[in-house]
Amino acid sequence: MTDFTIATWNINSVRLRIATVEQFLRDAQPDVLCLQEIKGENGVFPTAAFEALGYVHQAVRGMKSYNGVATLSRHPMTVLDDRNWCSKVDCRHVATSVMGIEVHNFYVPAGGDIPDPALNDKFAHKLSFLDETREWFATERPPSAAHRMVLVGDLNIAPLEHDVWSHKKLLDVVSHTPIEVEKYEAWRAASDFRDAVRHFVPDSEKLYTWWSYRAKEWELADKGRRLDHIWVTPDLVPALKSYKIHKAMRGVEKASDHAPVVVTMSV
DNA sequence: ATGCCAGCATGTTGCTGA
């Protein structure tokens, strides 16, 4: 048995925040780091900085200006799939295999402002994305599948009442609407994924991973949402050892608006 | 209803985020 620590973090430009990422890696020392919103083409990804810290195995899917995901590993890793969703080449997913575990790193569309697919193409895209991923996992990775999987990322949905600062006030706000939560749940259930962080924290307890830039006193106001998730297949649930949301990373100079989420399991 | 803040490219304005 050996420990396997995986981290997920929407970094909101990896070039701008590489020093912060280095600080985090020295502190948390995950085996695998999954980044979202790297915001740059593969050619400008800071490959050498990660190599210097031992993360020599890298799966990068970047594009100019927007989106982009990267999975970095200290252990040998193979890239499984470069698939696109909703017929868009928008770099929202990379699948890899490391230490015998299939790792899916996702950046789900944010969905714009208006929670109505008829009025808002971005919300329609988000709902379609959730339908497509659910369908793919149900077909290609049904719950009976024997192999171990971890799915992480900025899923841009806060599913539970206490994943947001005010359930009532956010029911009509994109990220917490009933239709999104329903589709999030259907996707999770498609492979019988389990919420690895709520494994440690009761549903009745407030838990956030994102705090808006638009609130000056973000920590004092604490109007957060839990948008970043780590799901594991049932066989990994007994292996879960600990979790941490690195809220301190939200408080550094020039911080991302997301904090890293980390889970350790014994595999 | 809007702006509040932030990053990047189309670049001192517009698109994106959620």
Side-chain angles (χ1 to χ4, degrees), chain A residues 8-21 35-46 60-70 85-86 88-93 105-117 119-130 153-184 206-229 245 249-261:
Chain A
T8 181
W9 194 4
N10 179 319
I11 195 60
N12 187 18
S13 175
V14 69
R15 277 178 291 172
L16 193 71
R17 273 180 259 285
I18 185 60
T20 306
V21 179
L35 296 173
Q36 302 87 34
E37 281 206 272
I38 62 174
K39 287 191 171 177
E41 291 171 309
N42 285 14
V44 299
F45 188 80
V60 183
R61 285 201 77 192
M63 61 185 279
K64 190 180 276 192
S65 187
Y66 301 118
N67 312 329
V69 291
W85 304 90
C86 302
K88 293 175 191 287
V89 185
D90 55 359
C91 303
R92 293 181 179 276
H93 174 223
N105 176 4
F106 273 99
Y107 176 52
V108 173
D113 284 325
I114 304 163
D116 182 342
L119 300 175
N120 173 9
D121 288 343
K122 293 177 192 171
F123 195 66
H125 177 214
K126 185 178 196 175
L127 298 184
S128 298
F129 192 98
L130 296 167
D154 177 2
L155 305 185
N156 266 320
I157 294 167
L160 301 175
E161 179 175 345
H162 295 293
D163 290 338
V164 293
W165 63 277
S166 170
H167 175 61
K168 280 187 179 177
K169 286 182 179 169
L170 290 175
L171 273 172
D172 291 326
V173 174
V174 172
S175 73
H176 194 60
T177 64
I179 181 76
E180 291 170 83
V181 172
E182 180 188 308
K183 289 181 184 295
Y184 165 103
K206 292 286 184 193
L207 206 54
Y208 313 135
T209 64
W210 172 88
W211 293 261
S212 173
Y213 285 128
R214 297 174 195 189
K216 284 260 187 249
E217 308 257 8
W218 69 273
E219 195 166 18
L220 193 63
D222 203 24
K223 293 182 174 178
R225 305 177 201 171
R226 189 171 72 108
L227 304 178
D228 305 274
H229 300 276
I245 296 169
M249 289 292 105
R250 179 62 181 83
V252 301
E253 198 71 29
K254 298 287 283 181
S256 167
D257 44 357
H258 295 254
V261 181

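Order of the sequence lines sets the chain letters (A, B, ...), proteins ahead of strands, with each chain counted from 1.
- Comparing the C1' positions of B:dA6 and B:dG11 gives a spacing of 16 Å, expressed to the nearest Å.
- Rounded to a whole Å, the CD1 atom of A:Ile38 is 12 Å from the P atom of B:dC8.
- On the P atoms, B:dT13 is 16 Å away from B:dG3, given to the nearest whole Å.
- Residues satisfying the salt bridge (Lys or Arg N to Asp or Glu O under 4.0 Å) test with A:Asp257, not counting sequence neighbours, are none.
- Residue-to-nucleotide proximity on DNA chain B shows that, of A:Arg92 and A:Ser13, the 5′-proximal contact is made by A:Ser13.
- Residues passing the side chain to side chain donor-acceptor pair (under 3.5 Å) test with A:Tyr66: none are found, sequence neighbours excluded.
- Applying the side chain to side chain donor-acceptor pair (under 3.5 Å) test to A:Lys206 and every residue at least two apart in sequence or in another chain returns A:His162.
- For A:Trp218, the side chain to side chain donor-acceptor pair (under 3.5 Å) test picks out no residue, with sequence neighbours left out.
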Check nucleotides 1-4 of chain B against the protein and report each pair of N or O atoms closer than 3.5 Å, with its distance, or say if there are none.
residue : atom : partner  : partner atom : Å
B:dC4   : N4   : A:Arg214 : NH1          : 2.8

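- A:Asp113 comes within 4.0 angstrom of a base, heavy atoms only.
- Across B:dT2 and B:dC15, the matching P atoms stand 16 Å from one another, rounded to whole Å.
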Intra- and inter-strand pairs of DNA chain B in dot-bracket (Watson-Crick or G-U wobble, both distances under 3.5 Å; | for another strand):
....(((((...))))).
Show which side-chain atoms of residues 37-45 of chain A pair as donor or acceptor with protein atoms under 3.5 Å away, not counting sequence neighbours.
residue : atom : partner  : partner atom : Å
A:Glu37 : OE1  : A:Asn10  : ND2          : 3.0
A:Glu37 : OE1  : A:Tyr107 : OH           : 3.3
A:Glu37 : OE2  : A:Tyr107 : OH           : 3.4
A:Lys39 : NZ   : A:Asn12  : OD1          : 2.8
A:Asn42 : OD1  : A:Gly62  : N            : 2.7
A:Asn42 : ND2  : A:Val60  : O            : 3.1

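- Nucleotides B:dC8 and B:dA18 are separated by 14 Å at their P atoms, to the nearest Å.
- The nearest whole Å value for the distance from the CG atom in A:Asp257 to the P atom in B:dC8 is 13 Å.
- Checking A:Lys254 against A:Asn67, the closest nucleotide of DNA chain B that is more toward the 5' end is the one next to A:Lys254.
- Remark: A:Asn10 is in phosphate contact with B:dA18, judged by side-chain N or O atoms under 4.0 Å from OP1 or OP2.
- For A:Tyr208, no side-chain nitrogen or oxygen approaches OP1 or OP2 of B:dA18 to under 4.0 Å.
- Evaluation of the ring-ring contact (aromatic ring centres under 6.0 Å, His included) rule for A:His93 yields A:Trp85, A:His104, A:Phe106 as partners, not counting sequence neighbours.
- One interatomic measurement links the two molecules: CG of A:Asp90 to P of B:dT16, which rounds to 13 Å at whole-angstrom precision.
- Not a single salt bridge (Lys or Arg N to Asp or Glu O under 4.0 Å) links A:Lys223 to another residue, sequence neighbours left out.
- Listed pair A:Lys122 / B:dG17 meets the phosphate criterion, a side-chain N or O lying under 4.0 Å from OP1 or OP2.
- The residue A:Tyr107 sits close only to the backbone: its heavy atoms come under 4.0 Å of sugar-phosphate atoms, none of a base.
- Counting any heavy atom pair closer than 4.0 Å across all strands shown, A:His258 reaches sugar-phosphate atoms only and no base atom.
- Using P as the reference atom, B:dA1 and B:dG14 are 23 Å apart when rounded to the nearest Å.
- B:dG7 sits 15 Å from B:dT12 when the C1' atoms are compared, rounded to a whole Å.
- In this structure, the salt bridge (Lys or Arg N to Asp or Glu O under 4.0 Å) partners of A:Asp163, at least two apart in sequence or on a different chain, are A:Arg198, A:Arg226.
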Tabulate atom names and distances for all N/O pairs under 3.5 angstrom spanning the protein and nucleotides 9-14 of chain B.
residue : atom : partner : partner atom : Å
B:dT10  : O4   : A:Tyr66 : OH           : 3.0

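- Sorted by first and then second residue, the salt bridge (charged side-chain N to carboxylate O under 4.0 Å, His left out) pairs with a member in residues 168-180 of chain A read A:Lys126-A:Glu180; sequence neighbours excluded.
- The phosphate of B:dA18 has OP1 or OP2 within less than 4.0 Å of a side-chain N or O from A:Asn156.
- Computed from coordinates, the A:Glu253 CD to B:dG7 C1' distance equals 16 Å when rounded to whole Å.
- Contact annotation: A:Ser212 does not reach the phosphate of B:dG17 (side-chain N/O to OP1 or OP2, under 4.0 Å).
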